[in-house]
Amino acid sequence: MRILYLDCDTTRADHLGCYGHNRNTSPNIDKIAKEGVMFTNYYCSDAPCLPSRTALFTGQFGIRNGVVNHGGVASQLRIDPNRRFRQHYETDSLFGMLRNKGFHTVGITPFATRHSAWYFYAGFDEIYDTGKRGIEIADDVTPTALKWINENAKDDNWYLHINYWDAHTPYRTPLEFGNPFENEPLDTWITDSILKEHQKMASPHGALELAMFSDKFPKDYPRQPGRLDNMGDLKRLYDGYDTGIRYVDTHIGKILDALEAQGVLDDTAIIFSTDHGENLGELGIYSEHATADYPNCRIPFIIKWPNGLKGKVDNGLHYNLDLVPTLAELLDIAPSSHWDGKSYAPAILDGTDSSHEYAVLSQMAHVCQRSVRHEDYLYIRTYHDGF
């Protein structure tokens, strides 16, 4: 059994072709969707980066594992008074569970360094930190991945986790890649009159302060405007974000080609997902993942599983923290009492509805919000606006 997890930071579901985007951002990701199951109502329980990946890693809500913020006490795993010689994450976290099952686990990611979240490495046999604390471009990641695939892909029972960052602000795809969307229009909902209203707002990552409390970005990021004075600036922002996704997709194509060259692509399980989405004008916020709303907490999730369904779309409500119990069921691993999630393995294997009745979502790093997603509704309560 071989498993590849493509973890592409800050990727909005609705900016992928397979999820209905009108721009051709994701031809290789779209191919994976055609070969597997695509989930349309998949959510990170806790946004943004550190809380989301901690929930993914632990299989627990942030309110239980303790990580709901990017700093302070609320950015640390809660102390376990029942801890024995080893922390239980060594055997029942996402990576620890797989290693305990006999998988050789490999991570290509700077995530632990970026957030001082060293527990994220628990359960990996090999770690390749790409060294730029999340300011990587795909060129910094793919060579390491291709080298590992060329040397090891034919082995059995491995899990490879590849972490790309190109869609994360500041948008920084190399200029020589060009702009695939130069002649393509913006989303129709955002108009000049809406932008003018946003320019009146004072907020971190508002239209006139895209660098949080400043309108200045280093000259190293020519695709990233510091402020939005007109619709041309807005288009530059959108194009920079979508080009980042397209650039990652190009590199995903290289990964898939390498697996095919090794003769293992067809029987390798492939997972594509992210940690959260991105504000692109919603609630007046840009180039940030700052709210517990639909664009931020709804994330893409695609899984191609050997003997699983192909070309299936699942519309049920699911969390990212559901992945741990799901993989456990698919791999015949006993469930853990530490997990909060619910397995959706039946949805992958035979299309059985495995969804939640509702989903509770949290954002406590930029603002303090909790929301409830149910039926066709999203109820948001803001406890603090973050300003």
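Just so you know, residue 1 is the first one in the sequence shown, and it goes up from there. The analysis underlying the following values was restricted to heavy atoms, covering all of them including side chains, and did not include hydrogens, waters or symmetry mates.
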Engineer: Looking at every non-hydrogen atom in both residues, tell me the closest pair between Q224 and P170 and how far apart they are.
Structural biologist: OE1-CA, 3.3 Å
Engineer: Between H21 and D242, do the side chains contain a donor N or O and an acceptor N or O under 3.5 Å apart?
Structural biologist: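 Checked: D242/H21 side chains pair up, N/O donor to acceptor below 3.5 Å.
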Engineer: Regarding S26 and D249, is there a side-chain donor-to-acceptor distance under 3.5 Å anywhere?
Structural biologist: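 Side-chain D/A pair, S26 to D249: absent.
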Engineer: Please determine whether a side-chain nitrogen of the Lys or Arg among K196 and D192 lies less than 4.0 Å from a carboxylate oxygen of the Asp or Glu.
Structural biologist: yes
Engineer: Inspect the surroundings of CG in L175 and state if more than 12 heavy atoms from other residues, nucleotides or ligands are less than 6.0 Å away.
Structural biologist: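 Check passes, neighbour count above 12.
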Engineer: Donor-acceptor pair, K235 side chain versus P185 backbone, under 3.5 Å?
Structural biologist: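 Not a single qualifying donor-acceptor pair exists.
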Engineer: Could you check whether the rings of F217 and Y221 sit parallel, tilted or perpendicular, using 30° and 60° as the cut-offs?
Structural biologist: perpendicular
Engineer: Before we go on, tell me: are the rings of Y286 and H198 under 6.0 Å apart, centre to centre?
Structural biologist: yes
Engineer: One pair to check against side-chain contact (heavy atoms from CB on, under 4.5 Å): L323 and F301. What are the steps and the verdict?
Structural biologist: CA-CA 10 Å; L323 180 62; F301 185 84; 3.9 Å; yes
Engineer: Distance-only, no hydrogens or angles: does the T382 side chain make a donor-acceptor pair with backbone N or O of D385 under 3.5 Å?
Structural biologist: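 The answer is no, because no donor-acceptor pair under 3.5 Å joins these two groups.
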Engineer: Step by step, would you call Y238 with D187 a side-chain contact (heavy atoms from CB on, under 4.5 Å)?
Structural biologist: CA-CA 9 Å; Y238 265 72; D187 288 348; 3.7 Å; yes
Engineer: Any side-chain heavy atom of C8 within less than 4.5 Å of one from I252?
Structural biologist: yes
Engineer: Once you measure the plane-to-plane angle for Y89 and F57, does it fall in the parallel (<30°), tilted (30-60°) or perpendicular (>60°) bin?
Structural biologist: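 Tilted, since the angle between the ring planes falls between 30° and 60°.
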Engineer: Do the rings of H15 and Y241 sit parallel, tilted or perpendicular, given the 30° and 60° boundaries?
Structural biologist: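 Rings of H15 and Y241: perpendicular, as their planes differ by over 60°.
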Engineer: Nearest heavy-atom pair of T169 and S287: which atoms, and what distance?
Structural biologist: CG2-O, 3.3 Å
Engineer: Would you sort out whether H88 and S336 count as a side-chain contact (heavy atoms from CB on, under 4.5 Å), showing the intermediate values?
Structural biologist: CA-CA 10 Å; H88 65 87; S336 168; 5.6 Å; no
Engineer: Between atom OG1 of T10 and atom CD1 of I245, what is the distance when rounded to the nearest 0.5 Å?
Structural biologist: 9.0 Å
Engineer: Using a 6.0 Å cut-off, check whether atom CZ of R83 has over 12 heavy atoms from anything other than its own residue.
Structural biologist: yes
Engineer: I'd like to know if the side chain of H356 reaches the main chain of H318, judged simply by a donor and an acceptor atom lying under 3.5 Å from each other, with no hydrogens or angles considered.
Structural biologist: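 Checked: no pair found.
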Engineer: Going from CD1 on I135 to CZ on R172, what distance comes out if it is rounded to the nearest 0.5 angstrom?
Structural biologist: 5.0 Å
Engineer: Looking only at heavy atoms, which two atoms of T40 and Y19 are closest? And how far apart?
Structural biologist: CA-CE2, 4.0 Å
Engineer: Which atom names give the shortest non-hydrogen contact between H338 and D92, and what distance separates them?
Structural biologist: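 Closest heavy-atom pair between H338 and D92: ND1-OD2, 2.9 Å.
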Engineer: Less than 4.5 Å apart, any side-chain heavy atom of L321 and any of W339?
Structural biologist: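 Answer no - side chains too far apart.
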Engineer: Tell me whether S371 contacts the main-chain N or O of A292 through its side chain, where contact means a donor paired with an acceptor under 3.5 Å.
Structural biologist: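 Side chain of S371 to backbone of A292, a donor-acceptor pair under 3.5 Å: yes, one is there.
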Engineer: Could you tell me whether R2 and D267 have a side-chain N and a carboxylate O separated by less than 4.0 Å?
Structural biologist: yes
Engineer: Got a second to check how far E278's CD is from L280's CG, nearest 0.5 Å?
Structural biologist: 5.5 Å
Engineer: Would you say the side-chain atoms of K101 pair up with the backbone N or O of L331, donor to acceptor, closer than 3.5 Å?
Structural biologist: yes
Engineer: May I ask you to check whether N163 and Y128 show a side-chain donor-acceptor distance below 3.5 Å?
Structural biologist: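 Per modelled atom types, N163 and Y128 side chains form no pair under 3.5 Å.
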Engineer: For T105 and D125: C-alpha separation, side-chain torsions, deciding distance, then whether side-chain hydrogen bond (donor to acceptor under 3.5 Å, both in side chains) applies.
Structural biologist: CA-CA 5 Å; T105 50; D125 292 298; 3.2 Å; yes
Engineer: Testing the 3.5 Å rule here: is there a donor-acceptor pair between the side chains of T58 and Y119?
Structural biologist: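 Note: T58 and Y119 side chains miss the donor-acceptor criterion.
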Engineer: Counting distance only, does the side-chain N/O of D129 pair as donor-acceptor with the main-chain N or O of G131 below 3.5 Å?
Structural biologist: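 Yes: the side chain of D129 pairs with the backbone of G131.
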Engineer: Is the number of heavy atoms from other residues, nucleotides or ligands within 6.0 Å of CD1 (I63) greater than 12?
Structural biologist: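 No - once you tally the heavy atoms of other residues, nucleotides and ligands closer than 6.0 Å, there are 12 at most.
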Engineer: What I'd like to find out is whether the side chain of P306 reaches to under 4.5 Å of the side chain of M1, using heavy atoms alone.
Structural biologist: yes
Engineer: Strictly below 4.0 Å, N to O, side chains only: are D239 and R23 in salt-bridge contact?
Structural biologist: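 A salt bridge links D239 with R23.
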Engineer: Would Y121 and F95 count as a ring pair (Phe, Tyr, Trp, His ring centres under 6.0 Å) if you check the C-alpha gap in whole Å, the side-chain angles of each, and the deciding distance to 0.1 Å?
Structural biologist: CA-CA 8 Å; Y121 290 164; F95 315 126; 9.0 Å; no
Engineer: Any sub-3.5 Å donor-acceptor pair from D322's side-chain atoms to Y319's backbone N or O?
Structural biologist: yes
Engineer: Check whether any side-chain N or O of D233 sits under 3.5 Å from a backbone N or O of D229 as a donor-acceptor pair, and report yes or no.
Structural biologist: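 Between the backbone of D229 and the side chain of D233 there is a qualifying donor-acceptor contact (under 3.5 Å).
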Engineer: So, T142 versus H251: side-chain donor-acceptor pair below 3.5 Å or not?
Structural biologist: yes
Engineer: Is a side-chain donor-acceptor pair under 3.5 Å present for N100 with T91?
Structural biologist: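 There is no such pair between these side chains.
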Engineer: Should we count CD of E357 as having more than 12 external heavy atoms under 6.0 Å?
Structural biologist: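 No, CD of E357 has 12 or fewer neighbouring heavy atoms, counting only those of other groups under 6.0 Å.
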Engineer: Output, in order, the C-alpha distance, side-chain angles, deciding distance and verdict of ring pair (Phe, Tyr, Trp, His ring centres under 6.0 Å) for Y164 and Y247.
Structural biologist: CA-CA 10 Å; Y164 286 111; Y247 196 60; 9.2 Å; no
Engineer: State whether the number of non-hydrogen atoms from other residues, nucleotides or ligands found under 6.0 Å of N307 atom CG is greater than 12.
Structural biologist: no
Engineer: Kindly check if the number of other-residue, nucleotide or ligand heavy atoms within 6.0 Å of CZ (R133) is above 12?
Structural biologist: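 Atom CZ in R133 is not crowded, with 12 or fewer foreign heavy atoms closer than 6.0 Å.
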Engineer: Enter the distance from I32:CD1 to L6:CG here, rounded to the nearest 0.5 Å.
Structural biologist: 5.5 Å
Engineer: Quick one: does D7's side chain have a donor or acceptor within less than 3.5 Å of a partner on T274's backbone?
Structural biologist: no
Engineer: In the single-linkage hydrophobic clustering (I, L, V, M, F, W, Y; side-chain heavy atoms under 4.5 Å), do W189 and L186 co-cluster?
Structural biologist: yes
Engineer: Could you measure the distance from the CD1 atom of I108 to the CD1 atom of I255? Nearest 0.5 Å is fine.
Structural biologist: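 Nearest 0.5 Å value for the CD1-CD1 distance: 7.0 Å.
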Engineer: With a 3.5 Å cut-off and no angle check, do the side chains of N65 and T54 form a donor-acceptor pair?
Structural biologist: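 Result is no, nothing qualifies.
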Engineer: Using only atom types and a distance under 3.5 Å, with no angle test, would you say the side chain of R223 pairs donor to acceptor with the backbone of P174?
Structural biologist: yes
Engineer: Do D9 and R53 meet the salt-bridge criterion of a basic N to acidic O distance under 4.0 Å?
Structural biologist: yes
Engineer: First locate atom NE2 of H70, then atom CG of L50, and finally report the distance between them rounded to the nearest 0.5 Å.
Structural biologist: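 The distance works out to 5.5 Å.
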Engineer: Between L259 and Q262, is there a side-chain heavy-atom distance shorter than 4.5 Å?
Structural biologist: no
Engineer: To check you understand the geometry: which heavy-atom pair defines the closest contact between D314 and A347, and what is its length?
Structural biologist: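 It is OD2-CB, 3.4 Å.
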Engineer: Look at atom CG of D220 and say whether more than 12 heavy atoms of other residues, nucleotides or ligands are closer to it than 6.0 Å.
Structural biologist: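 Yes.
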Engineer: Under the side-chain contact (heavy atoms from CB on, under 4.5 Å) rule, what do L208 and D215 come out as? Steps first, then yes or no, please.
Structural biologist: CA-CA 6 Å; L208 301 183; D215 63 358; over 6 Å; no
Engineer: Testing the basics here: between Y5 and L56, what is the closest heavy-atom pair and its distance to 0.1 Å?
Structural biologist: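 Here Y5 and L56 meet closest at OH-CD2, 3.9 Å.
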Engineer: So, H289 versus Q363: side-chain donor-acceptor pair below 3.5 Å or not?
Structural biologist: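 No donor-acceptor contact under 3.5 Å links the two side chains.
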Engineer: State, without any angle test, whether T291 and Q369 hold a side-chain donor-acceptor pair at a distance under 3.5 Å.
Structural biologist: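 The criterion, which ignores hydrogens and geometry beyond distance, is not satisfied for Q369 and T291.
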Engineer: Could you check whether any side-chain heavy atom of W165 comes within less than 4.5 Å of a side-chain heavy atom of K132, counting everything from C-beta outward?
Structural biologist: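 No. Closest side-chain heavy atoms not under 4.5 Å.
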